[in-house]
Amino acid sequence: MENRIKVYNTLTQKKEDLIPFEGKTVRMYVCGPTVYSSAHLGHARAAITFDVITRFLRKVGYKVEYARNYTDVDDKIINKSKETGIPPEEVARIYTEEYKNDMFNLGVETPTHEPKVTEHIPEIIDLIKTIIDKGYAYQSDGDVFFSIKMFRGYGKLSKRTPDEMLAGIRVDINEKKEDPLDFALWKGVKPGEPWWKSPWGKGRPGWHIECSAMSMRYLGNSFEIHGGGKDLIFPHHENEIAQSEAATGVEFVKYWVHNGVIQINREKMSKSLGNIINVKDALSIWNREAIRLFLLSHHYQNPADFSEKALDESETALERLYIMFKRANDLTKNNKREDKELATSLNLFNTKWIESMFDDFNTADTVGQLFDLVRATNRSIDAFGWTHTLQETIEEIRSFGSTLGILELNPDDYLKKEKLSKRSLEIDEEEINELIEKRNAARKEKKWKRADEIRNYLDSKGITLEDTPKDTIWRVKAK
RNA sequence: GGCGGCGUAGCCAAGAGGUAAGGCAGCGGUCUGCAAAACCGCAAUACCCCGGUUCGAAUCCGGGCGCCGCCUCCA
């Protein structure tokens, strides 16, 4: 078939060929966090989804200009400041740092640009001016509102008309607005709030305008991909389209790409349900690669139901991969034979996973293919030991892993060190090694009862032993 | 109420007209002192229900039922 990447576009509700405006450069903007609280799994999913998309596009030869913002002025930040007594700038600074840290710990690569709202106030003011000049916005008191009825395409992304939205129940009444659906581009200052000077008096940007201003600043008036969680489609992205296209008269974004939400036990993760899981907390329990594998085992558009069981299963699945790496590592390179069956499996994998990624970044499908190859690889290790083909296979799996941001550790680091430090297991490496020696001494004398006692003891501490022809190896149980 | 989406074996989850990936859990076998890991096999007539289109439907269309998201701050 056509050698083109297909991407599902929320705007057209179809999978489309990804065709950049120019050559092989893809410009992508993804809505980053409003920095008023710790990053949760929803942030992690969005970041990882677009991290993988970026990694893959680059792998297949695209240049990706990737911008992801920090919204560091906002009502929620101001509220947090009032609650805690910490100045708003400080609230924003703390959570921006935390977000960066969390993303680093999740293995998310840093985007090309990470603009902050507070550093782009002039751009925002200019953009609002243009929108007013073109007649799409009006001043009311100290505020500036976007007039949705002036923009003909309003609702094209979220597939609803203003009338339908008005039929909905909760629309806040604000006498300053001409139409209840109008939204603020600029908010006049209130006592104790951060403000900047503007042609409309002191104030600050409304929500939505920052993303338009910053994406245009770094990526241009029209760019290829705009991403974010599905929950941002309305009103955030709808409003971005309206204000951007009102200002420039050209199509803002070619492909709108939205990731599905995280659910906890089939329910939305939300403050009111009290079921928000922070990235930091998840990382204290599970390896970051397990979290990524869990997410990437779902198609990015589908909801992902997070549970302890599901994450434990991802760790178990990862363990299978690392055990395979370890088996391969431990082989001596003395075999001159080649395994043709493995070569065939490898070729199949090479073409299939790329194909799956070309088809709307179907990482879940690639994971299935990976495990097919893993079986073939283990079979090959059993039958042939080390071969050049095996070496090649391992390298290819690693390379695949680096596109998904998994399988980047040494087997021993994953199977031992990482987990030893993550679980408080009341046992250390030294003691484990001592016990293994004792057990092997017992085994030599065929004192099986004693040997099994030691193994059971270690098992009770969460350590699994494995006797290989050469020696005894150990790992921390997956659970 | 409006808009969007989902329902695939015990659980999780891909697939979107051509005869159902993969993971986890379970069972049996090979290997092992016994295990573990790995491999082989079983469970497995797995596509919510009822109609329709088609040579052929999990996939398309219509109608049900159940669940979820958005419409208010959200990744």
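No experiment lies behind these values; they were computed from the predicted model shown. Below, chains carry the letters A, B, ... as their sequence lines are ordered, and counting in each starts from 1.
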Is it possible for you to check whether K80(A) lies under 6.0 Å from the centre of the six-membered ring of Y36(A), through NZ or CZ, and within 45° of that ring's axis?
-> no
Between [atom2] of [N] and [atom1] of [X], the distance in whole Å:
X       : N      : atom1 : atom2 : value
Q369(A) : A20(B) : CD    : P     : 18 Å
K76(A)  : A75(B) : NZ    : P     : 6 Å
D163(A) : C3(B)  : CG    : P     : 13 Å
L181(A) : G2(B)  : CG    : C1'   : 13 Å
Q263(A) : A13(B) : CD    : C1'   : 14 Å

Taking atom types as they are modelled, is there a donor-acceptor pair under 3.5 Å from the base of C73(B) to the side chain of D74(A)?
-> no
Taking T472(A) for the side chain and E466(A) for the main chain, is one N or O donor matched with an acceptor at less than 3.5 Å?
->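 Such a contact is absent between T472(A) side chain and E466(A) backbone.
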Is the backbone of E341(A) close enough, under 3.5 Å, to the side chain of D339(A) for a donor and an acceptor to pair up by distance?
->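 Pair found, side chain donor or acceptor close to backbone of E341(A).
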Looking only at atom C1', what distance separates U8(B) and A57(B), rounded to whole Å?
->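 U8(B) and A57(B) have their C1' atoms separated by 14 Å.
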Taking atom P in both A35(B) and U30(B), what distance in whole Å separates the two?
-> 11 Å
May I ask you to evaluate whether [X] reaches the phosphate of [N], defined as a side-chain N or O under 4.0 Å from OP1 or OP2?
X       : N      : value
N79(A)  : C73(B) : no
N362(A) : A14(B) : no
H258(A) : G4(B)  : no
H298(A) : A13(B) : yes
R320(A) : G23(B) : yes
R443(A) : C34(B) : no

With a 4.0 Å cut-off on heavy atoms, is G227(A) in touch with a base, just the backbone sugar-phosphate, or nothing at all?
-> nothing
Looking across every strand, which nucleic acid part, if any, lies under 4.0 Å from H40(A) by heavy atom: base, sugar-phosphate, or nothing?
->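 Base: the residue H40(A), judged by heavy atoms under 4.0 Å, touches a nucleobase.
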More 5' along RNA chain B: T34(A) or W448(A), using each one's nearest nucleotide?
->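 It is W448(A) whose nearest nucleotide is closer to the 5' end.
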By nearest nucleotide on RNA chain B, pick out whichever of K449(A) and A46(A) is the more 5' one.
->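 Mapping each residue to its closest nucleotide by heavy atoms, the 5'-most match is K449(A).
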Atom CG in L18(A), atom NZ in K6(A): separation rounded to 0.5 Å?
-> 10.5 Å
Could you tell me whether the side chains of T49(A) and N259(A) share a donor-acceptor contact shorter than 3.5 Å?
->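 N259(A) and T49(A) do not have a side-chain donor-acceptor pair below 3.5 Å.
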